[in-house]
S.K.: 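What follows is a single structure, and I will ask about it in a moment.
In what follows, chains are A, B, ... by sequence order, proteins preceding strands, each numbered from 1. Note: hydrogens, waters and symmetry copies are ignored here, and every other heavy atom, side chains too, is used. From a predicted model like this one, the values you see are computed outputs, not experimental measurements.
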Amino acid sequence: MVFFVVFFHSMRRKVFVMPVRTRFAPSPTGYLHVGGLRTALYAYLFARQHGGTFILRIEDTDQSRKVDGAMERLIEALEWSGLQYDEGPGKGGAAGPYIQSQRLPLYREHADRLIAEGKAYRCFCTPQRLETMRSAGATKYDRLCRSVTTDESRKRAEAGEPHVVRMVIPDGGEVLLHDEIRGDVSFAMDLLDDQVLLKSDGFPTYHLAVVVDDHHMGVTHVIRGEEWLPSTPKHVLLYRYFGWDVPSFSHLPLLLNPDRSKLSKRQGDVAVEDYRDKGYLREALVNFVAFLGWNPGDEREIFTLEGLVKEFSLDRVGKAGAVFNIEKLNWMNQQHLKLKHDADLLPLVRPLLAAKGYAVTDDAYLVKVIGLLKERIVLVNDFSDAAGYFFRDPETYDEAAKNKNWKPETGAHVRIVTDAFSASPSFDAASLEAALRTVAESLGVGAGKLIHPVRLAVSGVSNGPSLFHMLEVLGKESVIRRLHAAVERLG
RNA sequence: GCUCCCGUCGUCUAGGGGUUAGGACACGAGCUUUUCAAGCUUGCGACACGGGUUCGAUUCCCGUCGGGAGUACCA
């Protein structure tokens, strides 16, 4: 079943129906910003929820900011996060190409059309002149080149004189626009600049490209960051100039640093890749970022991507910026870690341990280790420290634990436990626990007097998973060997 | 400066003309437990300020203050 969004075109009282199409349109700067991930996520959720299409479009119209491999990295990060796009680079689609630098003739054509209709004009002013104006206090271009005649303009352009194309902003009046999140917002036309649409290198500026592409790609809902709100009136004007229907706009609140400025590098990690590399699960990062500015209206907090698709709604997106709070992300990561099946963590954990130099050949064994540890760590990467003794006999024993739990008589007691373990018909947690408790009883000591030393002897540390389950996973041979070694070394 | 947006616990937020202003993270205490986590119980903690409107404002309106964004041949 496909859902449709109905647009009421009030002027003509005509109703037309069109399938939802949203897009994520990042500029390839070298990585995927978590704010970008949140924007992409909302656009994705909205599209999926309405049975619509989610498009990825690369906005690479700034030649001076080209970064090699940036687009590939961005796509990789987006795919890691689990947001699958339906149309875009590498995926194709009827509205392609989806890389703006490959659509140059289209923008040129539209700029020419505007010029021909008197809605844009060539501007031959030099960057130096503009700079001088600005330093003299000007806040807008003085529209000098508007008075260049059509004829002269054409001749100078044909003669190869460098120029840009600017849009004509009408005098007086205001632009009223509706934002799904903020309601009606109006801007005085007099404050708008004669925005550059086409740069002297032939590339479009964002303003032209975004309008032309959103229209030609059939984007019905523009979902983007709040930083775009001030330039939206120019976009609305362009839609009108071209005679196109204006899409629905949703300007999302910004993600903030702890000091409430726009989330930036310098004050912590902003790249999705950073979080991935630190050991955050995609599920956790997506869940967390979804809740920065949105909530389902009840008290549920842990969601999968599928769950978010079901519950998401633009109506419940807040207006105020949200501080990116690592503590809560950590907690969410823990929650998602607990939710994951042990075997599903295997591909994430195996390389970590391999990098540590452990011989991880037995996947079944590793899955058991994961099961024991996953509830007591925060990040996936924590496995590499926490799992050490499952792959290597302890070389040292925690000093504090030794002082606390290893008394003069302990060695003898552990020896008896070792014998009991050796004699145990089966090496499962329940049998081992029974064996140890029997020993404790016969010695007339509390079970803790044996449990703690055995843990220390076997793992080298004083904390970890349930002891008997840990012993079961380690296996008889390894446990007996370690107990002997510990008695030897600790007395 | 100008324009626009925003303002509930430290943080993420629910709520909305009459509520003991709810939840989550973090922090404190306790319970549980063989340790560590987890879990459970519990504590601390907020409607920026000032005017209106109203019988009654945290909620609606205006202003102030505060914060943010934008103000490029960047996106």
S.K.: In this structure, which one of Phe24(A), Tyr98(A), Tyr44(A) forms a side-chain contact (heavy atoms from CB on, under 4.5 Å) with Leu56(A)?
M.R.: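 The option that passes is Phe24(A).
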
S.K.: Across all strands, who's sitting opposite C4(B) as a Watson-Crick or G-U wobble pair, both distances under 3.5 Å?
M.R.: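 In the structure as shown, C4(B) has G68(B) as its Watson-Crick or wobble partner.
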
S.K.: Using purine N1 to pyrimidine N3 plus N6-O4 or O6-N4 for Watson-Crick, or N1-O2 and O6-N3 for G-U wobble, both under 3.5 Å, which nucleotide pairs with A46(B)?
M.R.: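 Partner of A46(B): none found under 3.5 Å.
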
S.K.: Specify the separation, in whole Å, of atom CG of Asn333(A) and atom P of C25(B).
M.R.: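 Whole-Å distance recorded here is 15 Å.
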
S.K.: Give Arg260(A) one of three labels, base, sugar-phosphate or nothing, depending on what nucleic acid heavy atoms sit under 4.0 Å from its own.
M.R.: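 Sugar-phosphate, no base atom in range.
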
S.K.: Roughly how far apart, to the nearest Å, are C9(B) and G28(B) at atom C1'?
M.R.: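 It comes out at 16 Å once rounded to the nearest Å.
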
S.K.: When only distance counts, do a donor and an acceptor, one from the side chain of Ser466(A) and one from the base of U34(B), lie under 3.5 Å apart?
M.R.: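 Side chain to base: pair present.
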
S.K.: Could you give the CZ-to-P distance, from Phe324(A) to U11(B), as a whole number of Å?
M.R.: 16 Å

S.K.: Considering only side-chain heavy atoms of Ser200(A), which listed nucleotide, C36(B), C4(B), C73(B), is closest?
M.R.: C73(B)

S.K.: Do we get Arg392(A) above Tyr389(A)'s six-membered ring, with its NZ or CZ under 6.0 Å from the centre and within 45° of the axis?
M.R.: no

S.K.: Can a side chain N or O of Lys199(A) be found less than 4.0 Å away from OP1 or OP2 on C74(B)?
M.R.: yes

S.K.: Round to a whole Å and report the spacing from NE2 of His469(A) to C1' of C36(B).
M.R.: 15 Å

S.K.: With both distances under 3.5 Å as the test, what is the Watson-Crick or G-U wobble partner of A24(B)?
M.R.: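 The answer is U11(B), by the H-bond criterion.
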
S.K.: Look at all strands and tell whether Val323(A) reaches a base, only sugar-phosphate, or nothing, counting heavy atoms closer than 4.0 Å.
M.R.: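 Touches sugar-phosphate only.
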
S.K.: According to a strict under-4.0 Å criterion, is Arg134(A) in side-chain N/O contact with OP1 or OP2 of C73(B)?
M.R.: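 Arg134(A) to C73(B) OP1/OP2: side-chain N or O found under 4.0 Å.
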
S.K.: Could you check whether Arg156(A) makes a cation-pi contact with Phe124(A), meaning its NZ or CZ is under 6.0 Å from the centre of the six-membered ring and within 45° of the ring axis?
M.R.: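 Flagged: Arg156(A) positioned over aromatic ring of Phe124(A).
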
S.K.: Taking atom P of C25(B) as reference, at what distance in whole Å does atom CG of Leu292(A) sit?
M.R.: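 One finds 16 Å between P of C25(B) and CG of Leu292(A), rounded.
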
S.K.: Please check the phosphate of C25(B) (OP1 and OP2 only) for any side-chain N or O of Asn325(A) closer than 4.0 Å.
M.R.: no

S.K.: On a whole-Å scale, what distance lies between the C1' atoms belonging to A72(B) and G67(B)?
M.R.: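 25 Å, rounded to whole Å.
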
S.K.: So, is Ser27(A) near the phosphate of C74(B), with a side-chain N or O under 4.0 Å from OP1 or OP2?
M.R.: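 No, outside the criterion.
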
S.K.: Would you compute the distance between atom CG of Leu104(A) and atom OG1 of Thr61(A) and round it to the nearest 0.5 angstrom?
M.R.: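 It is 9.0 Å, given to the nearest 0.5 Å.
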
S.K.: A26(B), C74(B), A69(B): which one has an atom nearest the side-chain heavy atoms of Leu254(A)?
M.R.: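 Within the option list, the nearest is A69(B).
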
S.K.: Do Asn330(A) and Tyr280(A) have side chains that approach each other closer than 4.5 Å (heavy atoms only, starting at C-beta)?
M.R.: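 Contact flag for Asn330(A)/Tyr280(A) side chains = yes.
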
S.K.: Heavy-atom nearest nucleotide on RNA chain B for Lys319(A) versus Leu256(A): which residue maps closer to 5'?
M.R.: Lys319(A)

S.K.: Using a 4.0 Å heavy-atom cut-off, does Gln334(A) contact any base of the nucleic acid, only the sugar-phosphate backbone, or nothing at all?
M.R.: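 Sugar-phosphate: the residue Gln334(A), judged by heavy atoms under 4.0 Å, touches backbone atoms but no base.
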
S.K.: Side-chain N or O of Arg316(A) versus OP1/OP2 of G15(B): is the shortest distance under 4.0 Å?
M.R.: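 Yes, Arg316(A) has a side-chain N/O under 4.0 Å of OP1/OP2 on G15(B).
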
S.K.: Checking contacts here: which listed nucleotide (C25(B), U34(B), A14(B)) is nearest the side-chain heavy atoms of Arg437(A)?
M.R.: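 Among the listed nucleotides, the one closest to the side chain of Arg437(A) is U34(B).
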
S.K.: To the side chain of Leu191(A), which of U3(B), A75(B), A26(B) is closest?
M.R.: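 It is U3(B).
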
S.K.: Counting the atoms with a prime plus P, OP1 and OP2 as sugar-phosphate, which does Lys338(A) contact under 4.0 Å by heavy atoms, base, sugar-phosphate, or nothing?
M.R.: sugar-phosphate

S.K.: Consider salt bridge (Lys or Arg N to Asp or Glu O under 4.0 Å). Of Arg143(A), Lys234(A), Arg166(A), which one does Asp194(A) pass it with?
M.R.: Arg143(A)

S.K.: In whole Å, what separates the C1' atom of U8(B) from that of U33(B)?
M.R.: 39 Å

S.K.: Counting any heavy atom closer than 4.0 Å, what does Leu467(A) reach on the DNA or RNA strands: base, sugar-phosphate only, or nothing?
M.R.: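 Base contact.
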
S.K.: OP1 or OP2 of G67(B) versus the side-chain N and O atoms of Lys262(A): is any pair under 4.0 Å?
M.R.: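 For Lys262(A), the contact criterion (side-chain N or O under 4.0 Å from OP1 or OP2 of G67(B)) is not met.
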
S.K.: Testing Phe324(A), Tyr31(A), Phe288(A) one by one against Tyr275(A) for a ring-ring contact (aromatic ring centres under 6.0 Å, His included), which residue passes?
M.R.: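 It is Phe324(A), the one option of Phe324(A), Tyr31(A), Phe288(A) that forms the ring-ring contact (aromatic ring centres under 6.0 Å, His included) with Tyr275(A).
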
S.K.: Ring centroids only, cut at 6.0 angstrom: are His215(A) and His235(A) within range, meaning strictly under it?
M.R.: no

S.K.: Between G1(B) and G15(B), how far is it from one P atom to the other, in whole Å?
M.R.: 35 Å

S.K.: Just how far, in rounded Å, is P of G70(B) from CD of Gln195(A)?
M.R.: 14 Å

S.K.: Please classify the nucleic acid contact of Phe187(A) as base, sugar-phosphate, or nothing, using heavy-atom distances under 4.0 Å.
M.R.: sugar-phosphate

S.K.: In the strands shown, is C40(B) matched to any nucleotide by a Watson-Crick or G-U wobble pair with both distances under 3.5 Å, and which?
M.R.: G30(B)

S.K.: Can you tell me how far P in G51(B) sits from the matching atom in A57(B), rounded to whole Å?
M.R.: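 Each nucleotide's P atom is 12 Å from the other's.
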
S.K.: Given that both distances must come in under 3.5 Å, which nucleotide forms a Watson-Crick or G-U wobble pair with G18(B)?
M.R.: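 Base partner found: C55(B).
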
S.K.: Within the structure shown, what part of the strands sits under 4.0 Å from Ala447(A) by heavy-atom distance: base, sugar-phosphate, or nothing?
M.R.: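 Counting heavy atoms under 4.0 Å across all strands, no contact is made by Ala447(A).
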
S.K.: Can you check the Arg23(A) CZ to A75(B) P distance for me, whole Å?
M.R.: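 After rounding, the gap between these two atoms is 14 Å.
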
S.K.: Taking atom C1' in both A37(B) and U32(B), compute the distance separating them and give it to the nearest angstrom.
M.R.: 13 Å

S.K.: Rounded to whole angstrom, note down the C1' distance from A26(B) over to C44(B).
M.R.: 12 Å

S.K.: Just call it for Gly464(A): base, sugar-phosphate, or nothing, with non-hydrogen atoms closer than 4.0 Å on any strand.
M.R.: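 If one applies the 4.0 Å heavy-atom cut-off, Gly464(A) turns out to touch a base.
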
S.K.: Which is true for Arg224(A) with a 4.0 Å heavy-atom rule: it touches a base, it touches only sugar-phosphate, or it touches nothing?
M.R.: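 Here Arg224(A) touches no strand at all.
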
S.K.: Reckon Pro465(A) touches a base, only the sugar-phosphate, or nothing at all at heavy-atom distances under 4.0 Å?
M.R.: base

S.K.: Between atom NE2 in His207(A) and atom P in C74(B), what is the gap in whole Å?
M.R.: 9 Å

S.K.: Select base, sugar-phosphate, or nothing to describe what Phe291(A) touches, counting heavy atoms under 4.0 Å on all strands.
M.R.: sugar-phosphate

S.K.: Judged by atom type as modelled, is there a donor-acceptor pair below 3.5 Å linking the side chain of Ser424(A) to the main-chain atoms of Phe427(A)?
M.R.: no

S.K.: Measure the NZ-NE2 distance between Lys404(A) and His452(A) for me, rounded to the nearest 0.5 Å.
M.R.: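 NE2 of His452(A) is found 6.5 Å from NZ of Lys404(A).
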
S.K.: Quick one: Glu375(A) CD to U32(B) P, roughly how many Å, whole number?
M.R.: 21 Å

S.K.: If you go through the side-chain atoms of Arg65(A), does one of them form a donor-acceptor pair with the base of C74(B) closer than 3.5 Å?
M.R.: yes

S.K.: Taking any heavy-atom pair under 4.0 Å as a contact, classify Pro296(A): base, sugar-phosphate, or nothing.
M.R.: nothing

S.K.: Within the structure shown, what part of the strands sits under 4.0 Å from Gly293(A) by heavy-atom distance: base, sugar-phosphate, or nothing?
M.R.: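 If one applies the 4.0 Å heavy-atom cut-off, Gly293(A) turns out to touch the sugar-phosphate alone, with no base involved.
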
S.K.: Regarding Gln100(A), tell me which of base, sugar-phosphate or nothing describes its non-hydrogen contacts under 4.0 Å with the strands shown.
M.R.: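 The residue Gln100(A) makes no contact with any strand.
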
S.K.: Using heavy atoms to find the nearest nucleotide of RNA chain B for Thr126(A) and Gly297(A) separately, return the residue whose nucleotide is more 5′.
M.R.: Gly297(A)

S.K.: From the options C25(B), C5(B), C73(B), select the nucleotide whose nearest atom is closest to the side chain of Pro127(A).
M.R.: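 Shortest atom-to-atom distance from the side chain points to C73(B).
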
S.K.: Could you tell me how far G23(B) sits from U19(B) if I compare only their C1' atoms? Round to whole Å.
M.R.: 15 Å

